[in-house]
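Have a look at the structure below before the remarks.
Just follow the structure's listing: the first ligand is 1, and inside any ligand the first atom is 1.
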Amino acid sequence: MKPVIVVHGGAGRIFKEREEGCRAGVVRAALRGYRVLRQGGAAVDAVEEAVRSMEDDPHFNAGCGSVLNEKGEVEMDAIIMDGKNLDSGAVSAVKCIANPVKLARLVMEKTKHMLLTDHGAHLFAQTMGIPEVPGEKLITERSRERWKKNLEPDSNPEEFQKDLGTVGAVAIDSEGNVACATSTGGLSNKLIGRVGDTACIGSGGYADNHSGAASTTGHGESIMKVVLARLILYHMEQGMSPEIAADTALDYMKTRVGGLGGVIVVNKAGEWAARFSTKQMSWATVEDDNLHYGIYAGEKHTKSVDEALASEREGLLE
Ligand SMILES: NC(=O)C[C@H](N)C(=O)O
């Protein structure tokens, strides 16, 4: 089986000044994940590696760069799932750690549970020896500004929610195992304790070797209503290609509950799709040692992996 990885850096509206950073961030993440696959690594390791790379990148709404809750704090959700045995782990409303996806992986591997939240997740992180990061270190100027603007009496929170930036990855490895991972700071100025789609199995992501894997982004409450990731896999089980399954599910979410979002999908044959109903979604994929990436509908740049690695070293993308 030829390995494939697809990543996203969030669906929504990406402001001009963030475009370049988002393109570079998804490309870097896809290359990192692909390196794991090329060395014979497992899909679940590849998606974790790719998502960690975007959690560490302040351009995205995950890890460092997460949006802030109503109290001005970072509270994050993350999930990881292994399509081989349907094992998954998730965390919700976690604070003061750099890589929620790593903690989600530990929930999957070191506990009998699938989702730990808030204080319990924090205690578990301590037990696992995950270093605590001061909350301030995860806050960027951009997220603080947005939080403040949302508190103004004439603010338009809808407008600000559009610049979303959840991150995610799906992959298939050389043994035909699929996996997904998703990580987010959620929605700006959300209520304390709000758990979004990302932490919920079937909504923020799903992976099953029998059909494929999907990771989602967009309006969390809408995604949860239609259980978007599992819905896409259902459509693939009925014979749809990843692209048609993704479009059908996104269309359903739009018409049924008025929600917009984006998804990345890989099926068990290694066919993939990156689709969105929002204006933009940053995405990148590597297959057959070729990198493809884009942000706008219809935008698709292609490069060989070697060329992409060379431009990354020089800090160039275009
Ligand atoms: N940026 C996003 O994709 C937001 C995320 N789905 C949430 O609602 O928490």
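Of the N or O atoms in Gly220, one or more lie within a sub-3.5 Å distance of an N or O in ligand 1. Considering backbone and side-chain atoms alike, His219 places every N or O at 3.5 Å or more from each N or O of ligand 1. Checked against a 3.5 angstrom limit, the closest N/O atoms of Ile223 and ligand 1 fall outside it.
Partner of Asp77 under the side chain to side chain contact (heavy atoms under 4.5 Å, CB included) criterion, out of Leu115, Thr182, Thr184: Thr184 alone.
Proximity of Arg194 to ligand 1, defined as any heavy-atom pair under 4.0 Å, is confined to the side chain (atoms from C-beta onward).
Every atom of ligand 1 with a heavy atom of Thr217 under 4.0 Å away is listed here by number and element: 2 (C), 3 (O). Within ligand 1, the atoms closer than 4.0 Å to a non-hydrogen atom of Gly165 are 1 (N), numbered from 1 in the order shown. Interface of Asp197 with ligand 1, defined as ligand atoms under 4.0 Å from a residue heavy atom, comprises 5 (C), 6 (N), 7 (C), 8 (O), 9 (O).
In this structure, Trp283 and Trp272 have tilted ring planes: the angle between them lies in the 30° to 60° band.
The shortest side-chain heavy-atom distance between Glu55 and Phe60 does not fall under the 4.5 Å cut-off. Within the 4.5 Å cutoff, no side-chain heavy atoms of Val265 are placed close to those of Val170. Proximity of Arg38 to Asp289: side-chain heavy atoms (C-beta onward) are separated by under 4.5 Å at one or more points.
Using a 4.0 Å heavy-atom cutoff, Gly10 is absent from the residues neighbouring ligand 1.
For the pair Asn99 (side chain) and Val101 (backbone), a donor-acceptor distance under 3.5 Å is absent.
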